[in-house]
Amino acid sequence: MTVIQADDDTIVLDNVQHFYLEHIFESGQCFRWNASSEGSYIGVAMGHVLEIRQQGPNVVLHPCTMEEFERVWRRYFDLDADYGAIKHSLAGDPTLDKAMEFGYGMRLLHQDPWECLISFIISANNRIPRIKGIIEELSMRYGNQLEYKGRIYYDFPSPNELARHTPDEICECRCGYRAPYIVETARIIAGGEIDLKAIESMEYHEAHRALMKLPGVGPKVADCVLLFGMGKGEAFPVDVWIKRVVEQLYLPNASLKDIKKWAYQRFGRLAGIAQQYLFYYIRENSR
DNA sequence: TGGCAGGGTCATA
DNA sequence: TATGACCCTGCC
């Protein structure tokens with residue numbers, strides 16, 4: 001991959017391997033990217049609006065300076081990881097092989113831990129379109145405005161911003177019984193009682209325990225935050241889909257603990273990416 | 001049209 | 001360790 005500055009606010013990634021936007025954005029790891037009518041995706045992440053499109057083997061980012069690319073998007077899109085090598089070491093399992101073929105070009109994003117935390121608290125017992133709707137509504141009401149091509153977009157609100165409101169106010173975003181979890185978690189983070197940066201620097205198990213102290217955060221949500229927001233490859237979020245497929249193919253009547261242990265022994269630090277391929281594959285092929 | 005389940009978590013027993 | 005309730009929505 002070569003990074004080229006095409007003009008003042010356009011970056012072109014020349015000849016990118018293992019990169020396919022639809023599989024990155026539609027695999028359920030993020031909630032704020034939407035396909036545009038022109039075949040690109042537009043999203044808000046890390047305090048920026050970005051439009052991204054694929055042109056043959058190239059990827060075009062706009063509006064984006066070289067400085068912004070290096071500071072934000074290189075890491076966000078996991079561009080220094082060698083997905084060829086990752087797939088090679090995961091190869092050999094028939095189901096996972098099919099899943100990797102199906103989800104070609106998928107990548108694990110490095111999202112903002114705070115946004116990830118609230119997003120996955122909202123995801124509990126919920127459906128993806130509604131999750132997206134709630135996050136959008138929270139951002140519109142409480143997030144900073146960003147403009148792009150004459151349209152207003154909204155950044156995800158800060159801990160301070162969300163902590164300032166009552167559960168009843170937050171509930172107007174249709175997040176239902178999750179509203180008190182959101183407000184309380186925002187207060188704990190805003191007040192510095194729990195420090196996400198510190199959790200990020202912990203080893204996986206310790207970080208998992210620390211996150212579970214937050215209201216609305218159970219084992220599944222904690223694993224999602226660790227995997228999608230803190231780069232912990234050992235995290236293996238077990239949801240109904242994963243539980244179903246693991247029980248069916250590998251471990252009948254397994255408990256949550258059994259499944260996580262099995263995943264770590266089998267995949268190690270690639271457990272999370274294996275989970276993501278499996279999740280996307282079974283979800284997309286069972287409707 | 002009503003019932004049901006959805007990328008889980010929490011409170012109880 | 002195992003159940004049931006839970007805000008809402010979309011689908012059958």
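Lettering follows sequence order; numbering is per chain, from 1. Predicted, not measured: the structure shown is a model, and the values here were computed from it.
- DNA chain B is contacted by both A/Phe279 and A/Met212; A/Phe279 maps to the nucleotide lying nearer its 5′ end (nearest heavy atom per residue).
- C/dC7 atom C1' lies 13 Å from atom CG of A/Asp168, rounded to whole Å.
- Residue contacts for A/Gln29: at a heavy-atom cut-off of 4.0 Å it reaches a base atom on one of the strands shown.
- What separates CD1 of A/Ile118 from P of B/dT9 is a distance of 14 Å, to the nearest Å.
- Looking only at distances, a side-chain donor or acceptor of A/His23 sits under 3.5 Å from a matching main-chain atom of A/Tyr104.
- Distance noted for atom P between C/dC7 and B/dT12: 14 Å (whole Å).
- Taking only side-chain nitrogens and oxygens, A/Arg127 never comes nearer than 4.0 Å to OP1 or OP2 of B/dG8.
- Rounded to the nearest Å, the gap between the C1' atom of C/dT9 and that of B/dC10 is 22 Å.
- When heavy atoms are screened at a 4.0 angstrom cut-off, A/Tyr181 is found touching the sugar-phosphate backbone but no base atom.
- Following rounding to the nearest Å, A/Ile131 (CD1) and B/dG6 (P) show an atom-to-atom distance of 13 Å.
- For C/dC7, its base sits under 3.5 Å from the side chain of A/Arg130 at one donor and acceptor pair at least.
- Residue A/Ser255 is the one, among A/Arg178 and A/Ser255, whose nearest nucleotide of DNA chain C lies closer to the 5' end (criterion: closest heavy atom).
- Rounded to the nearest Å, the gap between the P atom of B/dG3 and that of C/dA5 is 15 Å.
- Taking only side-chain nitrogens and oxygens, A/Arg174 comes nearer than 4.0 Å to OP1 or OP2 of C/dT9.
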**OP:** For side chain to side chain contact (heavy atoms under 4.5 Å, CB included), just list the numbers for A/Phe228 and A/Leu109, CA-CA rounded to whole Å, side-chain angles, deciding distance to a tenth of an Å, and then say yes or no.
**Re:** CA-CA 6 Å; A/Phe228 304 132; A/Leu109 297 173; over 6 Å; no
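- As a whole-Å value, the separation of A/Asn125 CG from C/dG10 C1' is 14 Å.
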Subject >> Chi angles and distances behind the side-chain hydrogen bond (donor to acceptor under 3.5 Å, both in side chains) call for A/Gln29, A/Tyr280 >> reply: CA-CA 10 Å; A/Gln29 59 179 321; A/Tyr280 186 51; over 6 Å; no
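- For the pair A/Lys132 NZ and C/dT9 P, the computed distance is 17 Å after rounding to whole Å.
- The interatomic distance linking A/Lys243 (NZ) with B/dT9 (P) rounds to 13 Å, in whole Å.
- Atoms CZ (A/Arg283) and P (B/dG6) sit 13 Å apart, rounded to a whole Å.
- Across all strands, A/Ile242 comes closer than 4.0 Å to no nucleic acid atom at all (heavy-atom distances).
- Applying the side chain to side chain donor-acceptor pair (under 3.5 Å) test to pairs two or more places apart or on separate chains, those with a residue in residues 119-132 of chain A are A/Asn34-A/Lys132, A/Asn126-A/Arg130.
- Between A/Tyr76 and A/Asp112, the side chains place no donor N or O within less than 3.5 Å of an acceptor N or O (distance only, hydrogens not considered).
- Within 4.0 Å (heavy atoms only), A/Pro237 reaches no atom of the nucleic acid at all.
- The 5' end of DNA chain B is approached more closely, in terms of each residue's nearest nucleotide, by A/Arg244 than by the other of A/Arg244 and A/Val217.
- Using a 4.0 Å heavy-atom distance criterion, A/Pro129 is classed as making no nucleic acid contact.
- Taking a pair to require two hydrogen-bonding distances under 3.5 Å in either a Watson-Crick or a G-U wobble arrangement, C/dC7 remains unpaired.
- Heavy atoms of A/Leu256 sit nowhere under 4.0 angstrom from any nucleic acid atom.
- B/dC4 and C/dG4 have their C1' atoms separated by 15 Å, given to the nearest Å.
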**OP:** Verify side chain to side chain contact (heavy atoms under 4.5 Å, CB included) between A/Trp114 and A/Ile118, making sure each step is shown before the conclusion.
**Re:** CA-CA 7 Å; A/Trp114 158 249; A/Ile118 297 302; 3.5 Å; yes
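- Spacing between atom CZ of A/Phe120 and atom C1' of B/dG6 amounts to 15 Å, rounded to whole angstrom units.
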